[in-house]
Every structure is written in structure tokens, then in C-alpha cells.
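Nothing here was measured: the structure is a model prediction, and the numbers come from that model.
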Amino acid sequence: MKILVACEESQRVCKAFRKRGHEAYSCDIVFCSGKEPQWHIWSNVTPLLNGNCDFRTCDSVVHHVDKWDMIIAFPPCTYLSKAGSSLLYKGGQLNEERFNLGQQAAEFFMSIYNADCPKICIENPVPIKIFGLPKHTQEIEPYYFGVPVTKKTYLWLKGVPFVCPTNVVEPTYTFTTYPQFKNSFGKYRQRNRSKTFEEVAEAMALSWG
């Protein structure tokens, strides 16, 4: 399959599908940290979503795709996540700037959801209802896949089955107390905390690849 992994700089999902022989490409406005630049598109993903496009990977090779077989996307959740709802209504008043940014984020989400592609998965945390995203299809937790952490995540699925749990364990950490994230500081803290767990990426590739 030709697979577009949108909004992914870690390349964890991209590499999980590549290991199974699929032509997967990560795409992000950030350069890849997964150390496979030949599979990364350093660009805005919007022009690529509906296929029939040319693009250049970070090794300067130009590719063409008539139509994607699958899109897996991790759109930014800063302004959509329920975790930020207190900032949206700061002091009991609607924060107009944050609301407008949330609307833009929701429009981007829907551009992926409505892309011309038979198989789509979008991953995001629990969203704020005011932005009117469609009802999610599946809820997953890291501890379904061997990572002893609670972090409820929603999946919006079109044309693909549920992700199958691979190794259900007892959760012993919350997301904020997990050592990998608790000790993450500095400029890239948010980016590091948003990376897909490798175990979840492998489960996606096992379920759909």
C-alpha cells in the first residue's frame, strides 16, 4: 500500500509499515527525528491529502502518487484537546483568539477526515465538544499495548477495523508521572510528549498492514 502518515516527525508509524513492505511516507512541517529522511516529506501535508500529487522527500527524490491507499494522521491537538478547555474559557470569558485557532485546527482535522482515500485513521486526545468533531470510532490506552501508562486516546477510523490490543498490562503510571515524560523539559517538551509509542505504531501496522 501507499501510505501517508500525516503530522509525524518521529516516523514511528511510517517505519512500522515500511518494515512490512509498504510504501509509507511521514509528512510534517518539522524535519524528521526518525533518521530516515528518504521517507520523510518536510512540508505542509494539505496539498497531498487527495493524492494526484508530486512531492519531494528529504533525500531530494521526487515521487508521484495517484491515490493514497491509506492515511494515518496525528494532527496538532493544542487547541482541540479537552485538556486545554480551561484556557478557552479563562476567567469565565471565551478566549476569542484561542477559539479561532481551535476552529482552524478543526478545519484541518476535517480536511483529513474527508480526504479522498478509502482508509483513514486520525488520532487525537479527547476533544472539546464546542468544535463539533465527528464522534470517534475507538478509544485506546497505551497499556493495551504493553506500555504501563493511562492516556486515553481517540481514533477516528474509516475503512479500517479497530486496532487490536497486543499486550494488555496493568497501568502503573499516569501520562504525567511516566518517567519518559515527567523528566522531559525544554524547547521540545511538547513534541517529545506527543510522539506515538512504538508499541502502538507496531499494533497499527499489525492490524492494518
Within-4.5 Å side-chain heavy-atom neighbours: Leu4 and Leu49: yes
For the rings on Phe131 and Phe99, is their centre-to-centre separation under 6.0 Å? yes
Connected via hydrophobic side-chain network under 4.5 Å: Val163 and Val126: no
Go through the structure and list residues passing salt bridge (Lys or Arg N to Asp or Glu O under 4.0 Å) with Asp116, not counting sequence neighbours. Lys67
Taking the six-membered ring for Trp, are the ring centroids of His63 and Tyr25 within less than 6.0 Å of each other? yes
Lys15: which residues meet the salt bridge (Lys or Arg N to Asp or Glu O under 4.0 Å) condition with it, sequence neighbours left out? none
Quick check: closest heavy atoms across Ile72 and Met70, and the distance to 0.1 Å? CD1-SD, 3.7 Å
Do the side-chain N and O atoms of Ser33 and Lys195 include a donor-acceptor pair separated by under 3.5 angstrom? yes
So do Arg98 and Asn100 actually touch side chain to side chain, heavy atoms under 4.5 Å? no
Side-chain (Glu8) to main-chain (Cys14) donor-acceptor, under 3.5 angstrom: yes
Any side-chain heavy atom of Pro75 within less than 4.5 Å of one from Phe108? yes
Is it the case that the side chain of Asn52 and the backbone of Val65 share a donor-acceptor pair, with hydrogens and angles ignored and the cut-off at 3.5 Å? no
Lys119 meets the salt bridge (Lys or Arg N to Asp or Glu O under 4.0 Å) criterion, sequence neighbours left out, with none
Give the other cluster members for Tyr79, using side-chain heavy-atom distances under 4.5 Å between Ile, Leu, Val, Met, Phe, Trp and Tyr residues; answer none if it is isolated. Leu101
hydrophobic_cluster_shared for Trp68 and Val160, side chain cutoff 4.5 Å: no
Taken to the nearest 0.5 Å, the spacing of Tyr143 OH from Phe197 CZ works out to 13.0 Å
Work out which heavy atom in Gln11 is nearest to a heavy atom in Lys35; give both atom names and the distance. OE1-N, 3.4 Å
Checking Arg18 now: which residues fulfil salt bridge (Lys or Arg N to Asp or Glu O under 4.0 Å) with it, not counting sequence neighbours? none
What about Trp39 and Phe17, same hydrophobic cluster or not, with Ile/Leu/Val/Met/Phe/Trp/Tyr joined at side-chain heavy-atom distances under 4.5 Å? no
Can you find a side-chain donor-acceptor pair between Gln38 and Glu36 that sits under 3.5 Å? yes
Establish whether Leu94 and Ile128 are linked, either directly or via other cluster members, by ILVMFWY side-chain heavy-atom contacts under 4.5 Å. yes
Nearest non-hydrogen partners of His40 and Glu9, listed with the distance: CE1-CA, 4.2 Å
Quick check on Ile29: does its CD1 atom have over 12 non-hydrogen neighbours (other residues, nucleotides or ligands) under 6.0 Å away? no
Membership question, hydrophobic clusters at under 4.5 Å side-chain separation (ILVMFWY): are Leu48 and Ile3 in the same one? no
Mark yes or no for whether Thr137, through its side chain, and Leu157, through its backbone, hold a donor-acceptor pair below 3.5 Å. yes
Could you tell me which non-hydrogen atom of Phe31 sits nearest to which non-hydrogen atom of Cys58, and how far apart they are? CE1-SG, 3.6 Å
Ring pair (Phe, Tyr, Trp, His ring centres under 6.0 Å) with Trp156: which of Tyr113, Phe74, Phe109? Phe109
Heavy atoms only: give me the nearest Cys53-Pro47 pair and the separation to one decimal. CB-O, 4.2 Å
So do Ile112 and Ile71 actually touch side chain to side chain, heavy atoms under 4.5 Å? yes
Backbone N or O of Thr78 within a donor-acceptor pair of the Ser81 side chain at under 3.5 Å? no
Note: Leu80 and Pro76 closest approach over all heavy atoms is CD1-O, 4.1 Å
Glu141 and Thr150: side-chain donor and acceptor closer than 3.5 Å? no
Rounding to 0.5 Å, atoms CG (Asp28) and SG (Cys7) come to a distance of 6.0 Å
Show me, pair by pair, the donor-acceptor contacts under 3.5 angstrom made by side chains of residues 200-209, not counting sequence neighbours?
unit_1 : atom_1 : unit_2 : atom_2 : d
Glu202 : OE1    : Arg20  : NH1    : 3.2
Glu202 : OE1    : Arg20  : NH2    : 3.2
Glu202 : OE2    : Lys19  : NZ     : 2.8
Ser207 : OG     : Cys164 : N      : 3.1
Ser207 : OG     : Ala203 : O      : 3.0
Trp208 : NE1    : Pro161 : O      : 2.9

